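Heads up, the thing below is written out as structure tokens.
Atoms considered below: every heavy atom in the structure, side chains included; atoms not considered: hydrogens, waters and symmetry mates. A, B, ... follow the sequence lines: proteins, then strands. Residue 1 opens every chain. Only a predicted model underlies this, so the values are computations on that prediction, with no experimental measurement involved.
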There are 2 protein chains.
Amino acid sequence: MPPRPVGATFRGMSFPSKPPMRDALVEAAFRLFLERGYEQTTVEDIVTLAGVGRRSFFRYFPSKEGVVFPDHERRLAEVTEFLSGSGRGEDPVARVCEAVRLVLRLYTDNPTFSVQRYRLTKTVPGLRAYELSVVWRYERTFAGHLRERLADRPDGALRADVIAAAVVAAHNNVLRSWLRSEGEGDAQVAVERALAYVREAFGDGGGPDRQDEDVVVVVSRRRAPMWQVVREIESALGPGEEDR
Amino acid sequence: MPPRPVGATFRGMSFPSKPPMRDALVEAAFRLFLERGYEQTTVEDIVTLAGVGRRSFFRYFPSKEGVVFPDHERRLAEVTEFLSGSGRGEDPVARVCEAVRLVLRLYTDNPTFSVQRYRLTKTVPGLRAYELSVVWRYERTFAGHLRERLADRPDGALRADVIAAAVVAAHNNVLRSWLRSEGEGDAQVAVERALAYVREAFGDGGGPDRQDEDVVVVVSRRRAPMWQVVREIESALGPGEEDR
DNA sequence: CTCCAGGAGGGGACCGAGTGCCGCCCCGCC
DNA sequence: GGCGGGGCGGCACTCGGTCCCCTCCTGGAG
């Protein structure tokens, strides 16, 4: 995609000079990773192919694994900012779902790159672990956002953690099947279905905050004691709602 | 099941011969980790304190991080076996919840050790990443179990992944707060509440095997169409129960 | 024009994790 | 007593990652 890696030793009027060494390193790395495998490629190989010094590699990427996920750091910052700029009134779960769509787009915007990366992460345990920690940071960001908004609910932190995990799992499910199909189909559509399933499971407000529900159907078997029936009804109605 | 490795430098009538080199390495490692920090401790330091060779360390642990989670490999095997030996009729979600209790017990059975480890994983990024991959393997085991049992349902794989993630998140939530409180309180009781929340959220969860439940509560919104209410009641009653 | 400051990059030394190989020694077995 | 195998130690090597110092390029001030 970039016109020419434009090596470091190469001087002369260069292009808008925007795709600097960083992109050249990513390209060189993926070329070698796909050609001879991740573990068979040393950082030395990458930098010699890119025509730069070994030291420079670690100026742009925190580790060898980091070059495989070059853009997640920025996206995480964007997601954090996106979540922090949300009004008080709106549904926090909806906001998190919107953030998930943002993350998914990071993959769907570059299908070939994402599929290539998937081939690597699927087979290299070290890359899987690194990806896990990346995803974990998204999840903790989501959970933090939900924790703030659900703090007044009973078990707010629990709900926040569980919902965040469920949303991320839905995203991962859609993403994985999209990647396995080599980028065929519309992942953005599929994630709507998946998120709808999650939101349906947790009601709309992140759990049994069921003020807006009007009908309660109780099915009780004969062997259930009455106190248990009552407790289930109470928990279905949600806390503080018993006397409405 | 090897007969007796018996300590290397130590001879003479020893104890039930249970604590071989492996345990000595774990103990030495944690002593140093807590005393001077994880990154400030080299494998060399550990093996000299334990009085063994450096090469032996990597015979017992796959990496320096591995010594911090010495027992998870076995527990994962136990969990896998536990799940594989489950009858066809029973609720797969309940089975997974039981497996989660098993995992939690791995922590609660050794409170001081778990709390010490928590202090490390909380502060050392490398250990966090390692723990993530450990937890991920549990989650994938759970998800695989659920995928098999929910294969006939629509979106079975999605449900399986989401439920597994939710269950693990509930476990983690309980575990974290228990660890932060330095092992005070009954985590096993707390995890019941958390799992109940998850199972409630997923209602039939993907598995309306509700033959053994006594009370079913369905809450419906006014705007929900009647056919949906009927379907909820039917699914609450479980399959083959409509005409009893 | 010169000088200086600062930042980007290169290079080399260094540390430590992880691996392969070999040799030892202590078993039990033949 | 000889022998083979497994557990263990020691050594050397690779490679990821860091530190420190050098060069070069640029640009602004005098």
### Task
Round to a whole Å and report the spacing from CG of B:L32 to P of C:dG16.
14 Å

## Note on the structure
Among D:dG17, C:dG10, C:dT19, the one nearest any side-chain atom of B:R55 is C:dT19

### Message
Can you identify which nucleotide, out of C:dC21, C:dG10, D:dG16, has its nearest atom closest to the A:T42 side chain?
### Response
D:dG16

### Message
Using heavy-atom distances to pick each residue's nearest nucleotide on DNA chain C, tell me which of B:R59 and B:E65 is more 5'.
### Response
B:E65

### Query
Are A:R149 and A:S86 close enough that a side-chain donor and a side-chain acceptor fall under 3.5 Å?
yes

### Pair A:R176 + B:D161: basic N to acidic O under 4.0 Å
no

### Query
In whole angstroms, how far is the P atom of D:dG16 from the NZ atom of B:K64?
18 Å

### Task
Please check if any side-chain donor atom of B:H72 sits under 3.5 Å from a side-chain acceptor atom of B:Y138, or the reverse.
yes

### Query
With sugar-phosphate meaning primed atoms plus P, OP1 and OP2, does A:F61 contact a base, only sugar-phosphate, or nothing at under 4.0 Å between heavy atoms?
nothing

### Query
What nucleotide among C:dG11, D:dC8, D:dG17 has an atom nearest to a side-chain atom of B:Y60?
D:dC8

### For atom CD of B:E44 and atom C1' of C:dG18, their distance in whole Å
13 Å

### Message
Tell me the interatomic distance from A:L127, atom CG, to D:dG16, atom P, rounded to whole angstroms.
### Response
12 Å

### Nearest-angstrom distance from the residue atom CZ of B:R22 to C1' of D:dC8
17 Å

### Task
Provide, to the nearest angstrom, the distance between the CZ atom belonging to A:R54 and the C1' atom belonging to D:dC21.
16 Å

### Message
What is the separation between atom CD on A:E39 and atom P on C:dG18, rounded to the nearest whole Å?
### Response
13 Å

## Note on the structure
To the nearest angstrom, the CZ-C1' distance between B:F57 and D:dG7 comes to 17 Å

#### Entry: Check: B:F30 ring centroid to B:F113 ring centroid under 6.0 Å
yes

### Query
Considering only C:dG12, C:dG9, C:dA17, which nucleotide approaches the side chain of B:F58 most closely?
C:dA17

### Message
Looking at A:E131 and A:R117, is any side-chain nitrogen of the basic one under 4.0 Å from a carboxylate oxygen of the acidic one?
### Response
no

### Query
Taking OP1 and OP2 of C:dG9, is either one under 4.0 Å from a side-chain nitrogen or oxygen of A:S56?
no

